[in-house]
Every structure is written in C-alpha cells, then in structure tokens.
Amino acid sequence: MAKPTLLLIDGNSLAFRAFYALINQVDRFLSHEGLHTNALVGFNNLLDGIVDPFQPDLALVAWDAGKTTFRTEKFDDYKGHRDTTPSELVEQFEPLRQMVELHGIKNYQLPGFEADDIIGTIATKGAAAGYAVTIVTGDRDMTQLVSDDITVWVTKKGISEVDHYTPAMVAEVYDGLTPKQIIDIKGLQGDTSDNYPGVAGIGPKTAVKLMKEYHSIPEMYERIDEMKTSKQKEKLIAGKEDAFLSRELATIEVDAPLEISLDDLNYQGIRYEELVPFYQHLDFKAQLVKLANMGYVIGEAGSTDAGETSVNMTNTELNVRELTVTNLSAIEELGAEIDFYLELDGENYHTAAPVAFVIGNEAHGYFASRDIELLTQRTPVNQILNDDQVKKNVFNAKAMIVALHRLGITLKNVNFDLLLASYLLDTNDNQNDLGALAHENNFFAVKTDEEVYGKGAKFQIPEMDADLFEHLGRKAFAIGSLAQPLFEKLNEHAQLELYETIELPLSFVLADMEITGIKVDAERLLQMRSKLTERLSELEQRIYQQAGHEFNIQSPKQLGVILFEEMGLTPLKKTKTGFSTSVEVLEQMTDVPIVESILMYRQLAKIQSTYIEGLLRVIHGSDSKVHTRYLQTLTQTGRLSSVDPNLQNIPVRVEEGRRIRQAFIPREPDWIIIGADYSQIELRVLAHITGDPEMQAAFRDDQDIHAATARRIFGLADDTPVDAEMRRKAKAVNFGIVYGISDFGLARNIGVTRKEAKQIIETYLNEYAGVRKWTEEIIESARELGYVETIAHRRRYLPDIKAKNFNLRSFAERTAMNSPIQGSAADIIKIAMINMNKILQERGLKAKMLLQVHDELIFEAPASELAELEELIPSVMDSAMQLAVPLKVATHEGKTWYDAK
DNA sequence: TTCTTCACG
DNA sequence: ACGTACGTGAAGAAG
C-alpha cells in the first residue's frame, strides 16, 4: 500500500518569490480597495497547481514569526543586510494566511524559529512516522533535508515550475555530494543574502572540492594536518571559527519545540463557498469565473463592498427555449424591454453570415433559433426590433444595426449597449468578448466565446442546439442583467449624457457611414499597380547590383547585414533584435547610393502592398465600394479607429502615395467629394482647457499659432516676421505640449541639445503660464483621482501614475496631459458628426457623410448641393461645442478624394 | 505570435 | 540613474 502523504509549504520564501516574480507589475495588481495582490495571485496559482492535484493526507504552510530567531542570538548580523520587506508585500501576509486556510491547509509559525525550522522538524517527524514527505519552497538550501522519505520541490524562475529534488538529484546538482553536505558547503562559502560569512576566500567550486575529499567541516579540521601547506590551508585555518558558525547557521533545525503534532495537520480540502467572497474581495476575476463554472453561486458582492456593482446572479437554470414557427407568438408577450443578440460566424459584420439569434428577457425567458428566416420574414421578432416603443438591450449596437440592416431589418430604440457602456466606464476593459466583459463587470453566469466556440483553426459553432442556445441565452441574460448596474455606474461617473447624447447616437451615425461605404475605382488602382510593379522590379535589380548580390530587401535583418557588415556603414541605432534600418536612420546616410534606392523601394512597396493590393482585396463586388468598420470602443482616448480597410491612414504627405486618393470617387458620376477639416483643433482645445489668456487671444485674433509661439519662445516683437526654421521649431514645441512634453523628446525631434530643448520648454511655459499651471494640476488630479477626463467626461484611468518605475510613471504623466486634449477633440468631432447626419436628413439633402479621419470629415454629394454644403458643413462643425476660442473649419472639394485638397 | 517598419491624425 | 514624445492599423519577416 502507498504511504500516506505529508505536504509542507514554505510560506515565506514562496510569498517573496511570488511577489518578486510580478514586481514589475506590482501596481497593476490592485484590488478595488487598493490592496496589492501580486503575491496573492502567484500564491493562489501555486496552491491551485500543487495542492489541489496533490490531495495530501496532511498539509501545513509554515511562516516566519519575526526577525529575532535563535540564529540572530548566535550571530547578531544574521540576515542583517536585508532590505526591509516592501510594504506592498507586508500588507499581503494576512490575506495570504486566510487564503491558505480557505484552501483547507493549516498555517503555523513559532517565535524564535524560521519557517525552515518548522518544516525541518515536521518533515523529520513525518518521515519517522511513515509518511512520504514533500516540501515546497523557493529556497534551494532546503534540499539539505532530502532523503528517501523527503522530496524537496524548489521553484525555478518565476514560481510556476518546480524542480523535484531527490537524493539522486542532489548528487547530480552538487557533483556527487549528499544532502547533509549542503550544510558544509554553505558553511564554507557563506551566504550573502542571509549575510553570514563562511570562510573568506572560499567559493562554491573550492567548497565542493574540499567536501568531496574531507566529507564535512568537522572532519576536515580534524584532518587539517594532512593538508599540504598552501594559501588555501591558511585561509581555512584563519576562517575556522566562521566556518563552524556559518555551518550552524545554515543548518535547519529538525527538533524545534513545536506546539503542534502531525494529528493537527489533516488536509481539509478547499472551502469553495468561502473562497467566493474572498476572491471577490481581492477582485480575482479569473478564479471567480472558475468557481462559477463549477456551479458556485456568485453574488451579493455589492452588499459588503462599497463601490462594487451588486449583481445578484446564479449559475442555475436559465429559461432558454427554441423559437419555432409554432411558438412565435410568445415573442409578442415579452413586454416593453427586451435583450437581443445576433450571432455571426466572423467579426466583420459587413460580410459574416448570421448563425443564430436570441431574444427575450429575464421575466419571460429567452427564445433562440438558428432559423434566420424568423427574423427576415414578417414576424413578431422583426416587428419588435423595429418598434420604437420597445427598448432593446444589446452588445455592440453598431454591429447589430449593420448586420440587421443586411437582413432588411431596422433596429430602433436601443437602450443599453453593454460593449459601449463598459468602454465608457473604463477604456481598459475594451474586450470585444461579451463573456469576458461580463466577468469584468462581476457577472459570471456566462462563458466567453473562446470557451464555447474555441479559437483559430478550432473555431466551431456547437452543432447541438441545446449547447448553442444555452450560450446565446446566457449572453442575452448577461446583457439584460448588467443594464441597470452599468447605468448606475455611468451616472456615478457623470457619463450618462456622454452615453446617451454622444456615443449611442454615434453608433447609428457610424453604422450609416459604414453601410454607405465609399466607392473605389478599381481600374485606377490596377493601372497604378502595373506601373509600380515595373518601377519596383527596376529598383530591385539596381539594389541587387549595388549590394553585389540578391537578398530580401524587405527583411530588415538581411538589409542590416548588407549595410552594416558587408558595406561597413556605421549603425546609428539599434532595435531589440539588431540594427535599425528605419527611415530616420537611413536618411542620415543618403550619400550611399544603395540607401537612396532602398528608401525609394520601401516607399513604393508600402504603397503597392498596403494600399493598392490591400484596398483591391476589400472592394465589395456588389457595389464597387469599401465598407470600413469604425472601432468605437478601442482607443484609450476616445478617438475612433478604422479597420478592414483602415481608411484613416490613406497616404497624403508624399505625392506618390497621395495619388491613391484618386481611386476614391463619389458613387455617381456627377457627384463630388467634399472634405472638411478642423484647423488646429487640439491646440484650440488646449487653449480652452488651460484657460491660458495668451494662447486664447492668439486664436481669437486668428493668428498663425505656430508663428505666434515662435515669437514668444524666441523673444521677437509682435510684428517681426518669423523665419521658416523658427516656425518649424515652434510647431514642434506646440506638438510636444499636446503630447506631454519632455526635453528629451523635443530635443530628438527638432535636433537641438537636450539642454536647449529644456530651455525652450521653460520659456514656453513662462510665456503660456496658464499651460504650465494646467499641466501641473492635471497630473496632480490624476494622482488623486486615478483618472483624467475630457470635456464630455470621457474618462481614462492611469494606474501607473503612482508607479515607482520611472518610465511607467512618466508615461502616465504624459498621458494625463495628452488624453484630455486628444479626447476632447474626439468629443467635438463626434458631436459634429451626429449633428451633421441629422441636418442632412432634415434638409433632405442627398449628400452622405462617408469618412472620419480624427479632425476631418469626408462627404460625397451631387455637385448641385455644393453651394449649400460649403456653408452648412463648417457651420455645423464649428458650433459642435462652445469653447473659449473659436473653432475653425476649412472645406475642399473635387472629383476624387485626391482633388478635395 | 512578435517584431519592425511605415502610413495617418 | 532611469530612457521617453500622443493615438492608431497593416504588411512582411522571422521565431
């Protein structure tokens, strides 16, 4: 019969290991109460990974009881050079003990002794009593306890993996020595972290060699006369006292006066019910998801934790039925508010196929079906979605609007969008998965798509109706359950107006723009492609000639070898993986012909692959248009982003690339493209929120802001002309201020020394004193509140604002300055878009808004509407929000996007 | 998947 | 002493 098992865990060493394994992110592991949890997370993983599968008969976690032990009495400098334990770890010790207890394991400590000694004593007793003993620790010195009955598991790098030390393993690692001899090795070599000396001049190699010959320190000194006279012998004689003392200090006590016996150590098993509130307290979402999946009831978080949403939820039965033609009428009884979700087989809702849908609410149950005809035909489902009296709760309203539009259905009266609300509450939670987002919001009765469908090649919608409908029902239930609590949070954040009057209406406007799409002249692109193909192959041949052989020009690695090894050029910059070959580097070596060729090749290859070929791939055959998707819940600042294709980074700065815009054309031959852009919107926002009188005056007088700034920072009179170079530098400084300036960044950008840059910034902040005051205040406020806000109360949390790491903290400080500016500009253009769409409809204009590129809007319109739109568009855009300075908008029009300049 | 490069505001 | 300008997406190479 197998021996009973005894598991002994070295609490202290593992807590330290866990803490330092995640020290870089120590400020990211914070509970809602501000408790650091990095060591707790690591320790929890360890308990789950080791104890749970182990299922020992007896178990104990041993802790140190304080600084004074029998070792400090023998050697008062023992562990003397240790830094004090960081407070971020100290505060975790008490919850660590609670966690151990909830895992069914006894904690124990004993004044005067270290955790090691408790473990040594119990291990010895356990082995004698016939137990198979396993010790888990982060301290390799504990391997001195290894025997046939005692195995020691020592954590490797991090804490997730362990080495198993048996007597054979010890012999292997210590070159044939026995576990007991580890004490003698430590006695000779000492230990810097525990701060005991060993014999001066004896290191690990010599120690092992000596012990192989003399076996132990006492035996060595008995036989010291056998040793030939040598420097080493002198050192050993001089260090005799240290050797014996160090050996004693290194020896783990195996007979400590414990007040407990083996009978007290029965392993109790995990107390799941009690772990739920414990994990909730610590915000261990992943663990809670696990418990919910095991069927444990998660709920009432809010009753004890102020500030946390209270969502009463269970993992018990959910009422989901299949919807069929025979029970369709049940839909009519759902009432005034329903939850709806349509599942697609891909993320691009312009093209993905509808798979199934669910509709219902908690009161009346949920109805799901794979039969999309139950939507498309004239059915109660269709009618409810279209009914502007029935409130709809959804996840990603824009996706639903577009997908339903493809099915001929108009979605009306969206009340709650889980995705949008979560994003506004905390832009860091910008997960696109409904389940994951629900978990973030403390709702655990739903799985993630990855759990149910798998990912990548394994993606598979369940074939069983019951499985699919259960998942969809839970998705709808999650949406419905989170509506109220998230509305409450939006209200607490003063974000209801942002949600109701900006973001939710914007979803409809964006859906409209995406559905409209923009026409692309594929013929034009094909012409460009063939011309480029020719030029590229000529360039390619020339580059091969200049290099002396063929290579992959598109490989930075191979190019680096050619330039910096074969041709012997001096590398100016390195990346993580090798030499940098970026434009800013290559532009400094254009006297070398091959570099010139490569820069040209790169430029053209980019146009060819990303823009010409990339665009051709996404033109819809049905209407010759591209239909981008604007991601409304991605950026940290409130801007939109654009994908499939990205229409916000079509070339404009360089003529060759700019011609791509010739392929973007209006949908009718006699129509035109109109572009309208805000002038200096971010600097105007800066002038507004900083309240700086000088900068505001410059904008009120409609001055050239960069020239005005140049006069100030270079000390010129008001009417002095500003040369191009000064204006360029002033412009860079203005940009720098918006980005959250640093002297280093400015210096690099305008090519002056760091000292000069510092001086320029200083002058700038003296001239624009309101800007200085604001930058100081916004950082201070971010520290106090943990977040910054835009004019429309869009919020960005900055957890790193208090980080000890300089880089993380500096980044957070720059972000604190930049986000309110970039984000407020985003607020403004979003309002303008909503107003614009509305007024185009009201006036019955045929013009359509097609694109948004952060500070500009692109329209298509019949030429006949041009005169009206040239008035209307700027007036709507510049009145979107009333600032302390005027907003200025310019328009341009032409036959193509290229010509609208 | 991660890195580098380069397109935009 | 640290080692940075802010916000994005796509393509191609290489692990």
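Chain letters run A, B, ... following the sequence lines, proteins first and then strands; every chain starts at 1. In this text the structure is predicted, and so the values were computed from the model without any measurement. Values below: all heavy atoms of this structure, side chains included; hydrogens, waters and symmetry mates excluded.
A:E596 approaches A:T590 most closely through the heavy-atom pair OE1-O, 3.4 Å. Of all heavy-atom pairs spanning A:P886 and A:F699, the tightest one is CG-O, 3.9 Å.
Shown here, B:dT5 forms a base pair with C:dA10; the pair counts as Watson-Crick or G-U wobble because both key distances fall under 3.5 Å. Remark: C:dG15 base-pairs with no nucleotide in the shown strands. Criterion, Watson-Crick or G-U wobble with two distances under 3.5 Å.
Rounded to whole Å, the P atom of B:dT4 lies 14 Å from the corresponding atom of C:dA5. Nucleotides C:dT4 and B:dT5 are separated by 15 Å at their P atoms, to the nearest Å.
The CG-C1' distance, from A:D827 to C:dG7, rounds to 15 Å in whole Å. If you take OH of A:Y611 and C1' of C:dA11, they are 10 Å apart, rounded to a whole angstrom. If you take CG of A:N807 and P of C:dC2, they are 11 Å apart, rounded to a whole angstrom. If you measure from atom NZ of A:K574 to atom P of C:dG3, you get 14 Å, rounded to the nearest angstrom. Straight-line distance from the CD atom of A:E656 to the P atom of B:dC6: 15 Å, rounded to whole Å. For the pair A:L599 CG and B:dT5 P, the interatomic distance rounds to 12 Å; values are reported in whole Å. Rounded to whole Å, atom C1' of B:dC6 lies 16 Å from atom CD of A:Q608. Between the CG atom of A:N552 and the C1' atom of B:dT4 there is a distance of 13 Å, given to the nearest Å.
When the side-chain nitrogen and oxygen atoms of A:R639 are compared with OP1 and OP2 of B:dC8, none of them lie within a distance under 4.0 Å. Residue A:S810 places no side-chain N or O under 4.0 Å from the OP1 or OP2 atom of C:dG3. Distances shorter than 4.0 Å separate some side-chain N or O of A:T581 from OP1 or OP2 on B:dT5. At the phosphate of C:dG7, neither OP1 nor OP2 sits under 4.0 Å from any side-chain N or O atom of A:T635. Under 4.0 angstrom from either OP1 or OP2 of C:dG15 there lies at least one side-chain N or O belonging to A:K557. Distances shown here put a side-chain N or O of A:Q558 below 4.0 Å from the OP1 or OP2 atom of C:dA14. For A:S609 and C:dA10, the shortest distance from a side-chain N or O to OP1 or OP2 is not below 4.0 Å. Within the 4.0 Å cut-off from OP1 or OP2 of C:dG9, not a single side-chain nitrogen or oxygen of A:T610 is found. At C:dT4, none of the side-chain N or O atoms of A:R814 fall inside 4.0 Å of OP1 or OP2 (strictly under the cut-off). For B:dA7, the OP1/OP2 oxygens have no side-chain nitrogen or oxygen of A:R661 closer than 4.0 Å. In this model, the phosphate group of C:dA5 is approached by a side-chain N or O of A:R748 to a distance below 4.0 Å at OP1 or OP2.
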**OP:** Apply the test side-chain hydrogen bond (donor to acceptor under 3.5 Å, both in side chains) to residues A:N818 and A:T815: give CA-CA distance (whole Å), side-chain angles for both, the deciding distance (0.1 Å), then the verdict.
**Re:** CA-CA 5 Å; A:N818 173 261; A:T815 310; over 6 Å; no
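Out of B:dT4, C:dC6, B:dA7, the shortest distance to the side chain of A:N649 is found at B:dA7. Side-chain proximity of A:K576 to C:dT4, C:dA14, B:dT4: nearest is B:dT4. Comparing atom distances between the A:D644 side chain and each of C:dA10, C:dA14, C:dG9 picks out C:dA10 as nearest. Taking only side-chain atoms of A:Q554, from C-beta outward, the nucleotide of B:dC8, C:dA13, C:dA10 with the closest atom is C:dA13. Comparing C:dA11, B:dG9, B:dA7 against the side chain of A:R617 picks out C:dA11 as the nearest. Picking from C:dA10, C:dC6, B:dC3 the nucleotide with the shortest atom distance to the side chain of A:F811 gives C:dC6. Taking only side-chain atoms of A:F806, from C-beta outward, the nucleotide of C:dC6, C:dC2, C:dA5 with the closest atom is C:dC2. Considering only side-chain atoms of A:V853, the nucleotide from C:dG7, B:dG9, B:dC6 that sits closest is B:dG9. Closest approach to the A:S641 side chain among C:dA10, C:dC6, C:dT8 is made by C:dT8 (side chain taken as heavy atoms from C-beta onward). Here the side chain of A:N749 is nearest to one of C:dT4, C:dA5, B:dT5, namely C:dA5.
Among the heavy atoms of the strands, none lies under 4.0 Å from A:A747. Counting any heavy atom pair closer than 4.0 Å across all strands shown, A:S580 reaches sugar-phosphate atoms only and no base atom. Within 4.0 Å of A:G736, counting heavy atoms only, lies at least one base atom of the nucleic acid. Residue A:L746 is classed as a base contact, given a heavy-atom separation below 4.0 Å to a base. Residue-level contact check: A:Q636 touches the backbone only, with heavy atoms under 4.0 Å from sugar-phosphate atoms and none from bases. Nucleic acid contact for A:I821: none, since no nucleic acid atom lies under 4.0 Å from a heavy atom of the residue. At the heavy-atom level, A:L631 lies under 4.0 Å from the strands shown only through sugar-phosphate atoms. Using a 4.0 Å heavy-atom distance criterion, A:R754 is classed as a base contact.
With hydrogens and angles ignored, a donor-acceptor pair closer than 3.5 Å exists between the side chain of A:R653 and the base of B:dG9. For A:Q822 and C:dC6, a side-chain-to-base donor-acceptor distance below 3.5 Å is present, hydrogens and geometry of angles not being considered.
The number of heavy atoms from other shown groups lying within 6.0 Å of NZ (A:K758) does not exceed 12.
Ring geometry for A:F735 versus A:H706: interplanar angle under 30°, hence parallel rather than tilted (30 to 60°).
Ionic pairing of A:K729 and A:E756 is not present here: no N-O contact between side-chain nitrogen and carboxylate oxygen is shorter than 4.0 angstrom.
For the pair A:R529 (side chain) and A:E613 (backbone), a donor-acceptor distance under 3.5 Å is absent.
With A:E813 as the fixed residue, the side chain to side chain contact (heavy atoms under 4.5 Å, CB included) test singles out one of A:I801, A:T775, A:L798: A:I801.
Heavy-atom nearest nucleotides on DNA chain C were determined for A:I737 and for A:V643, and the one closer to the 5' end corresponds to A:I737.
Rounding to the nearest 0.5 Å places CD1 of A:I660 at 8.5 Å from OH of A:Y611.
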